[in-house]
Amino acid sequence: MQAIAAVDIALWDLKARRAGLSLAKLLSSHRDSVRCYNTSGGFLHAPLEEVLDTPVATGEMLTSVAEHHRVQLAPHFAMEIHLHLAAAYGSEPWVEHFEWLEPLFDERLEISDGRTPVPSRPGLGLTLSERAAKWTVDRAVIGQRA
């Protein structure tokens with residue numbers, strides 16, 4: 001699923017770039033900034049029992065279902081990706097920020113007064129850092145060669 005998600009995100013980024021729009025604008029965003037909270041180092045220190053007892057209904061928290069039931073959404077982990085989608089939700093969600101991903105991109109998302117602006121550059125509005133680009137390959141062989 002994570003591999004499919006990465007391809008899906010890349011295709012949405014490409015579509016928005018080709019349209020010359022930020023992904024948020026392509027998705028008909030409702031806002032230019034999104035509420036943000038920082039949990040770097042947060043839940044990782046919690047005992048397993050506490051994490052397991054936390055009520056998270058991930059199966060029920062899909063975009064339109066959550067809105068219908070007036071459930072607040074808070075996409076987790078990759079704010080750089082979720083920010084655009086969160087700007088397009090009808091009701092305003094929160095996005096989670098981790099500093100861990102900052103070395104991946106040349107751009108830094110600003111956080112001020114508990115909000116982060118949605119990038120206006122085309123696509124996700126991010127450029128892979130030179131460091132992250134070194135981790136990528138331009139081709140792959142899958143399966144057996146004849």
For [X] and [Y], work out which heavy atoms get closest and say how close.
{"X": "Gly125", "Y": "Pro119", "value": "CA-CB, 4.3 Å"}
{"X": "Tyr89", "Y": "Arg31", "value": "O-NH1, 3.0 Å"}
{"X": "Val34", "Y": "Ala86", "value": "CG1-CB, 3.9 Å"}
{"X": "Thr116", "Y": "Cys36", "value": "CG2-CB, 4.2 Å"}
{"X": "Ala87", "Y": "Ala24", "value": "CB-CB, 4.1 Å"}

Is the count of non-hydrogen atoms from other residues, nucleotides or ligands lying under 6.0 Å from Glu102 atom CD greater than 12?
yes
So [Y] and [X], do their side chains get closer than 4.5 Å, heavy atoms only?
{"X": "Pro103", "Y": "Arg131", "answer": "yes"}
{"X": "Arg35", "Y": "Val95", "answer": "no"}
{"X": "Leu85", "Y": "Leu27", "answer": "yes"}
{"X": "Ser29", "Y": "His84", "answer": "no"}

As a test of understanding, state which of Leu104, Leu124, Leu101 forms a side chain to side chain contact (heavy atoms under 4.5 Å, CB included) with Glu80.
Leu101
Residues two or more places apart in sequence or in another chain: which of them pass salt bridge (charged side-chain N to carboxylate O under 4.0 Å, His left out) with Arg115?
Glu92
Check ion pair Lys25-Asp32 (N to O, under 4.0 angstrom)
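A salt bridge is present here (some side-chain N lies under 4.0 Å from a carboxylate O).
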What is the distance from atom CE of Met79 to atom CG of Leu109, rounded to the nearest 0.5 Å?
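Separation between the atoms: 4.5 Å.
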No-hydrogen, no-angle side-chain donor-acceptor test under 3.5 Å, Glu107 and Thr127
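Indeed, the side chains of Glu107 and Thr127 share at least one donor-acceptor pair under 3.5 Å.
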